[in-house]
Amino acid sequence: MPYVFEVPTTLEALHDMIGNFASTGSDVSLIVQRIHAANSVRLDKNNKEKMQNFYDVLLRRFVEVGDAIYTSGDGGPELGRYDQLNALTQTLYAMAQDSPLLLLQALSHIFPVTNLRHVVVTPALIFLSQTVAQCPIRSLDDVVMGLFCSGLIIEYTKDAKRLAPEALAFISGALRLFSNKAEAATEAAAVPSFELAVRN
């Protein structure tokens, strides 16, 4: 088994790696840990986007292993699904320490987002909504983070069939910011977080 793996961009690509290099559940956990260790954001800041995509792949793998435990159990010492789930949890936690916003992405997979009020999801949703509504946009990185937060808000609210006005306003403001007549478009329907960006 190689020590360095490329970061898989899809769950199917991760399954291909597992099929080629793993024969036991502990091998699967080792592959996931090596992918994270070799491509960590702490090693190179340019790995941030790759690791955010890999985080989503790992969340899907987490759900898949959890479903397999529910339907078929641990699978014995050969598969060791409980150990795989434990290793995935540790890797997801380590990745969330590198980029705390990733932890917010995991919430919708762990807690029910369709509840009207939830002790974890509701404060996270309020935090994200206030972030996109009130934080000033000063650079392209701010726009990217705002779009990421808006995507999370929409992900939290889509299953409950709720409207996310802050997310829609931010996305609308981002589109207006990149239009040919950005200043005129923003004046027509002001979004507070974009006022500074238009002035610059």
Heavy-atom check, side chain of [X] versus side chain of [Y], under 4.5 Å:
X      : Y      : value
Gln97  : Arg42  : yes
Phe21  : Asp27  : no
Ile153 : Leu125 : yes
Leu88  : Arg61  : yes

Please determine whether residues [X] and [Y] belong to a single hydrophobic cluster, defined as Ile, Leu, Val, Met, Phe, Trp and Tyr linked transitively by side-chain heavy-atom distances below 4.5 Å.
X      : Y      : result
Met145 : Leu140 : yes
Phe54  : Leu85  : yes
Tyr82  : Val28  : yes
Leu11  : Leu79  : no

Do you know which two heavy atoms are closest between [X] and [Y], and how far apart they sit?
X      : Y      : value
Leu152 : Leu104 : CD1-CB, 4.0 Å
Ala22  : Ile31  : CB-CD1, 3.9 Å
Ala38  : Leu43  : O-CD1, 3.7 Å
Tyr156 : Ala124 : CE2-CB, 4.1 Å
Ala94  : His36  : CB-CE1, 3.9 Å

Hey, what do you get for [atom1] ([X]) to [atom2] ([Y]), rounding to the nearest 0.5 Å?
X      : Y      : atom1 : atom2 : answer
Glu6   : Lys50  : CD    : NZ    : 6.0 Å
Thr131 : Asp142 : OG1   : CG    : 11.5 Å
Ile35  : Met17  : CD1   : CE    : 4.5 Å
Ser40  : Met95  : OG    : CE    : 8.5 Å
Glu64  : Gln84  : CD    : CD    : 9.5 Å
Leu128 : Phe148 : CG    : CZ    : 9.0 Å

Whether [X] side chain and [Y] backbone form a donor-acceptor pair below 3.5 Å:
X      : Y      : result
Arg81  : Gly73  : yes
Asn47  : Asn39  : yes
Asn20  : Asp16  : yes
Ser172 : Leu168 : no

Original post:
What residue among Val144, Val132, Ile154 forms side chain to side chain contact (heavy atoms under 4.5 Å, CB included) with Cys149?
Top reply: Val132
Subject >> Whether His118 and Phe111 hold their rings parallel, tilted or perpendicular, with breakpoints at 30° and 60° >> reply: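 Aromatic pair His118/Phe111 classed tilted.
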